[in-house]
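Structure first, commentary second.
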Amino acid sequence: MPEIRALVIEEIEAIAPDVAPVTIGDDEDVRDALDLDSMDIFNLIAALHQRTGIDIPDAEAARFVTVGGAVQWLLENGPG
Amino acid sequence: MGVFTMPSLGADMEAGTLVEWLKQPGERVDHGDIIAVVETDKGAIEVEVFEAGEIEALLVDPGQSVPVGTALARIAGDGHAEGHVSDDAGIDTDKPPAAAAAAVSPPEQKRPPRIAAELRASPAARTLAADRGIDLAAITGTGPDGAIQLSDVESAGVQPATAHSNGVDPSAMRRAIAAAMGRSKRDIPHYYLMHRIDMAPTLSWLSKYNEARAPAERLLLGVVLLKAAAVAVGDFPDFNGFYKADGYQPSEAVHVGSAISIRGGGLAAPAIRNTAEHSLPDLMKKLRDLVARTRRGELRSSEIGDPTVTISSLGERGVDSLWPIIYPPQVAIIGFGSPRTHPWASDDALAIRPVMNVSLAGDHRANDGHRGALLLRHIEELLAHPEDL
């Protein structure tokens, strides 16, 4: 879980280097807290897909607007 | 023979500072090659050349600030001059002394060997180094020919907490926006139209399209809006072009600028050239790249200099409508509000639909409200059949 959280933060910092370093609560909406837009969320999901190999359906994109939501979803749907 | 001049990278730009030459006398250039980096209020811009040929002489030294239109380089062309390259006639004859020295270089001269004074570094690397106060000469490049890349600078020092993390100076950008928008509101007789569109067909097509694809292959609604606007203004030339001293000149090409906000304040509206000719997946790739580079302050001259019309899209989390201000010398700007579910009368029944407000600001010197209304209706039709875009 801490590793997955670190991974999500790392990818947010990679897609939006202008907001790094990211310190954000698990339940904060990244669109409010970091001013990320739909393009940033798109890039985040594409990056997490590439890093983890887990397919993230478009319909689940809404879960990825908080760090906690993204971590939870990846834990629930990751391998093993 | 052509002369490469300091391009106008927006209506508000009067002068630019040449930061670096990326080509040397004797080197060949092709249409679209990036040959120099110019510093402007919008950050460091990579400047492209629109003539094929061989560089004969560089006329301006790095560090010099010169007015728009000043001759920067002479190119022995093998094609017709276009874009920022003009014919020899009527050019600035007061050339800096560098011209004489450069002009005697043998034409077939190869690129000189890399010496310390001639550091090769990407614009992003240069910008970051300047932000962090790092001397590029102290960095070992790992890129092609030892060029210094962004990652080399990143690993070279720790960023101070106060530095801007992109190449954009917010106060300079604010001044540039103020100049352009002040001029627009002073000179352009704006009129405004707004139209509500049922977005159900567009959004259901989009979610089907995305469902079957891996994350990186999906599309954002913004790309569909961009393409629809591009196709529509292509059919309405009175909204696609430039109003200058001699009146309105429609543009045959459609280069739609997209207003892109920069976190912390400011925005830029760079264009994707020939927007309507690209497929939706291609446009998506280009827009992703453009947004990333805008926010890093790494735009190219053609993207900044020649949008023929602009769109401003509020995205998912904005408000219902916007009344945008035209970027001179353009004559129209199209605004897309955030889609929201609303009650919608449909065949004598009330339905709940995703509805989006599309607005248009037109320049009354170039077009009028009747045509503007037809343009917005045309966008509505195009969005109802996204599979054809």
Side-chain angles (χ1 to χ4, degrees), chain A residues 4 7-24 27-67 69-74 76-79, chain B residues 124 127-128 131 150-151 154 158-159 161 163-168 170 203 206-223 225-226 258-267 284-285 287-298 313-318 338-339:
Chain A
I4 295 192
L7 177 79
V8 172
I9 296 285
E10 193 184 316
E11 290 303 335
I12 291 175
E13 291 177 343
I15 55 152
D18 46 329
V19 302
V22 168
T23 49
I24 187 171
D27 300 329
E28 283 185 274
D29 190 318
V30 294
R31 296 171 298 180
D32 295 327
L34 304 175
D35 199 15
L36 300 193
D37 62 11
S38 53
M39 180 67 84
D40 297 312
I41 306 291
F42 180 98
N43 288 331
L44 175 62
I45 291 173
L48 289 173
H49 169 63
Q50 200 181 0
R51 280 290 288 273
T52 63
I54 305 170
D55 184 36
I56 305 167
D58 192 41
E60 300 291 333
R63 297 278 298 274
F64 287 77
V65 300
T66 66
V67 172
V71 170
Q72 191 71 29
W73 193 91
L74 291 170
E76 284 166 11
N77 296 278
Chain B
T127 301
L128 186 66
D131 273 349
L150 185 59
S151 55
E154 277 167 345
V158 178
Q159 183 177 17
H164 300 301
S165 55
N166 59 38
V168 180
L203 292 173
L206 188 62
S207 74
K208 276 206 192 70
Y209 181 95
N210 285 342
E211 205 177 84
R213 283 172 174 80
E217 310 301 319
R218 292 172 193 158
L219 300 176
L220 286 173
L221 176 63
V223 168
L225 302 178
L226 172 63
S258 294
I260 296 170
S261 71
I262 291 162
R263 274 181 277 272
L267 82 164
M284 183 69 203
K285 283 196 193 78
L287 192 65
R288 282 178 81 184
D289 172 58
L290 194 62
V291 169
R293 284 191 292 108
T294 300
R295 290 179 175 159
R296 291 200 301 262
E298 290 174 24
S313 184
L314 293 181
E316 288 164 10
R317 309 241 302 163
S338 302

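Numbered from 1 within each chain, the chains take letters A, B, ... in sequence-line order.
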How many angstroms lie between atom CZ of B/Arg218 and atom NE2 of A/His49, to the nearest 0.5 angstrom? 8.0 Å
Region of A/Ala16 in contact with chain B, defined by heavy-atom distances below 4.5 Å: both
Considering only heavy atoms, which portion of B/Ile260 lies under 4.5 Å from any heavy atom of chain A: side chain, backbone, both, or neither? neither
Which atom names give the shortest non-hydrogen contact between A/Ala46 and B/Pro215, and what distance separates them? CA-CB, 3.7 Å
Nearest heavy-atom approach of B/Arg263 to A/Asp18 is NE-OD2, 3.0 Å
Counting only non-hydrogen atoms closer than 4.5 Å, does A/Asp32 touch chain B with its backbone (N, CA, C, O), its side chain (CB onward), both, or neither? both
Look at B/Glu217, B/Met284, B/Arg213 and state which one has the largest set of heavy-atom pairs under 4.5 Å with chain A. B/Met284
Tell me, do A/Ile41 and B/Glu316 make a side-chain contact under 4.5 Å, heavy atoms counted? no
Applying a strict 4.5 Å limit to non-hydrogen atoms, the region of A/Leu48 in contact with chain B is neither
Region of B/Leu287 in contact with chain A, defined by heavy-atom distances below 4.5 Å: both
Residues 54-65 of chain A, side-chain donor-acceptor partners within the protein, below 3.5 Å, at least two apart:
| residue | atom | partner | partner atom | Å |
| --- | --- | --- | --- | --- |
| A/Asp58 | OD2 | B/Asn210 | ND2 | 3.4 |
| A/Glu60 | OE1 | A/Trp73 | NE1 | 3.2 |

What part of B/Arg317 gets closer than 4.5 Å to chain A, counting heavy atoms only: side chain, backbone, both or neither? side chain
